[in-house]
Student: 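One structure coming up, written as structure tokens, with questions to follow.
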Protein chains: 2
Amino acid sequence: MSSSRGGALRQAAPLFAALGDTTRLSLVRRLSTEGPLPITRLTDGSGMTRQAVTRHLHALGKVGLVRNAKEGRERVFSLDLKRLEIAQQYLDNVSAQWDAAAARLKAFVEDNRS
Amino acid sequence: MSSSRGGALRQAAPLFAALGDTTRLSLVRRLSTEGPLPITRLTDGSGMTRQAVTRHLHALGKVGLVRNAKEGRERVFSLDLKRLEIAQQYLDNVSAQWDAAAARLKAFVEDNRS
DNA sequence: TGGACATGCAACCCGGGGGTTGCGCATCGG
DNA sequence: CCGATGCGCAACCCCCGGGTTGCATGTCCA
């Protein structure tokens, strides 16, 4: 079990890294609000080259945040929430641990100030 | 309101970036489970130099994920959950948007396959 | 069939991140 | 007062990520 948590770290880090870029995060947001979109569409409002967008989409795909399917002559990208949930769970876990640690600390302090 | 969302992106990206490093993420985890710790302590199980750890802690502090206070001759770092909550909210928001988009798409498809 | 439109691939540039070492300064404790 | 402990700062190295341009390939459609 503790080993599965260790795996969670190695799994979560690249995930956060993928989200830790303004361009990629805005791509994720666009996909989340507008649904599946082809590369050119995603490029349009991005202010950068199609190649750059493509690279970012590949990066997102590499960590499983995004999937793509070829439709005709265009390649459509869509979100995959599974990985997003992993990230969420990780953050929730950290919060919970911290709260617990804080509680222990508080109890300890109050015990020793008699 | 939509402008505040735009700000959220510029605020969330650096945050995820800070979490997107194995070393920093493990530091966050240690702080979350063991409570506030000084640099040397955090360095011990990290397998790297104190300087490296210091840099990472600074990085975490720069985005507000961590705070530090000088106690005697050592500097103690502790988590600050406020930023974590921002990240969580961002992920929740993306999930919700995507679900909504998916629902719209499904409705659209089913309408047009009579 | 010919010309748009949507991509894929590869070479190239540049800046910053992650890590280390060396040295100097303050604080603790006997 | 002196040695040990805990840090801060700065110089240095190396690699990879983010962007661009140029060219080739595959699809659509009139």
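These numbers were taken from a predicted model, which means no experiment stands behind them. In what follows, chains are A, B, ... by sequence order, proteins preceding strands, each numbered from 1. Atoms considered below: every heavy atom in the structure, side chains included; atoms not considered: hydrogens, waters and symmetry mates.
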Student: What are the two closest heavy atoms between B:S32 and B:R29, and how far apart are they?
Tutor: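 Distance-wise, the nearest heavy atoms are OG-O, 2.6 Å.
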Student: Just say parallel, tilted or perpendicular for the rings of A:F16 and B:F16, cut-offs at 30° and 60°.
Tutor: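 Rings of A:F16 and B:F16: parallel, under 30°.
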Student: Can you find a donor-acceptor pair, distance only, under 3.5 Å between B:R73 side chain and D:dT5 base?
Tutor: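 Indeed, a donor on one side and an acceptor on the other fall under 3.5 Å apart.
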Student: List the steps and the verdict of side chain to side chain contact (heavy atoms under 4.5 Å, CB included) for B:Q88 and A:S95.
Tutor: CA-CA 10 Å; B:Q88 289 175 311; A:S95 296; 3.7 Å; yes
Student: Bend across the helix from C:dT1-D:dA30 to C:dG30-D:dC1, to 10°, with axes taken over 5 pairs at each end?
Tutor: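 The angle separating the two end axes equals 30°.
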Student: Take the protein atom CD1 of B:I39 and the nucleotide atom P of D:dC7, then report the distance between them rounded to whole Å.
Tutor: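 Nearest whole value for this atom pair: 5 Å.
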Student: With a 3.5 Å cut-off and just heavy-atom distances, do the side chain of B:R50 and the base of D:dG8 make a donor-acceptor pair?
Tutor: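 Present.
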Student: Ignoring hydrogens, what is the shortest heavy-atom contact between B:T43 and B:T49? Give both atom names and the distance.
Tutor: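 Shortest heavy-atom separation between B:T43 and B:T49 comes out as CG2-C, 4.0 Å.
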Student: In this structure, how many angstroms lie between the C1' atom of D:dG17 and the CG atom of A:L19, rounded?
Tutor: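 It works out to 16 Å between those atoms.
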Student: Round to the nearest Å and state the distance from A:F77 atom CZ to C:dA6 atom P.
Tutor: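 Nearest whole value for this atom pair: 15 Å.
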Student: Verify the contact: side-chain N or O of B:T54 to OP1 or OP2 of C:dG19, cut-off strictly under 4.0 Å; return yes or no.
Tutor: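 For C:dG19, neither OP1 nor OP2 has a side-chain N or O of B:T54 closer than 4.0 Å.
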Student: Supply the atom-to-atom distance B:L37 CG to B:S78 OG, rounded to the nearest 0.5 angstrom.
Tutor: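 Answer for the CG-OG pair, B:L37 versus B:S78, is 9.5 Å.
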Student: Heavy atom of residues 57-64 of chain A under 4.0 Å from DNA chain D: which residues?
Tutor: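 Heavy-atom contacts with DNA chain D come from no residue of residues 57-64 of chain A; none.
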Student: From CE of B:M48 over to P of C:dT21, roughly how many Å is that when rounded to an integer?
Tutor: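 Checked: the CE to P distance equals 13 Å.
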Student: Could you state the NZ-P distance from A:K70 to D:dG26, rounded to the nearest angstrom?
Tutor: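 Taking NZ of A:K70 and P of D:dG26, I get 9 Å after rounding.
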Student: Working to the nearest 0.5 Å, report the span between CG of B:L91 and CG of A:D92.
Tutor: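 Reported value, rounded in 0.5 Å steps: 9.5 Å.
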Student: Hey, are the side chains of B:L19 and B:V63 touching, using non-hydrogen atoms and a 4.5 Å cut-off?
Tutor: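 Counting from C-beta outward, B:L19 and B:V63 never come under 4.5 Å.
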Student: Starting at the 5' end of DNA chain D and moving along, which residue's nearest nucleotide shows up first, B:P38 or A:T49?
Tutor: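 This one resolves to B:P38.
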Student: When you measure from the side chain of B:R24 to the backbone N and O of B:A18, does any donor-acceptor pair fall under 3.5 Å?
Tutor: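 Here the side-chain-to-backbone pair exists.
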Student: Where the side chain of B:R75 is defined as all heavy atoms beyond and including C-beta, which of D:dT20, C:dG19, D:dG8 is the nearest nucleotide?
Tutor: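 Output: D:dG8.
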Student: What pair of heavy atoms forms the shortest contact from B:R83 to B:G64, and how long is it?
Tutor: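 Looks like CG-O, 3.1 Å.
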Student: According to a strict under-4.0 Å criterion, is B:T43 in side-chain N/O contact with OP1 or OP2 of D:dC7?
Tutor: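 Result: no.
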Student: Mind checking if A:R41 touches a base, just sugar-phosphate, or nothing, with heavy atoms under 4.0 Å?
Tutor: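 Here A:R41 touches no strand at all.
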Student: Using a 6.0 Å distance limit plus a 45 degree cone around the ring axis, check whether B:R41 lies over the aromatic ring of B:F77.
Tutor: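 No, B:R41 and B:F77 do not form such a contact.
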Student: Which heavy atom of B:T33 sits nearest to which heavy atom of A:R104, and what is that distance?
Tutor: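 Answer, listing the atom of B:T33 first, then A:R104: O-NH2, 2.8 Å.
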Student: Got a second to check how far B:L57's CG is from B:R75's CZ, nearest 0.5 Å?
Tutor: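 These two atoms lie 10.5 Å from each other.
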Student: C:dG19, OP1 or OP2 - any side-chain N/O from B:H56 closer than 4.0 Å?
Tutor: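 Indeed, a polar side-chain atom of B:H56 lies that close.
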Student: Atom pairs under 3.5 Å, N or O on each side, protein against nucleotides 10-15 of chain D: can you list them with distances?
Tutor:
none

Student: Round to a whole Å and report the spacing from CZ of B:R24 to C1' of C:dG17.
Tutor: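 Rounded to the whole Å, the gap is 8 Å.
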Student: In whole angstrom, give the distance that lies between atom CG of B:D44 and atom P of D:dT5.
Tutor: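 In whole Å, D:dT5 P and B:D44 CG are 13 Å from each other.
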Student: Calculate the interatomic distance between A:L37 atom CG and C:dT7 atom C1'; express it in whole Å.
Tutor: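 About 16 Å, once rounded to whole Å.
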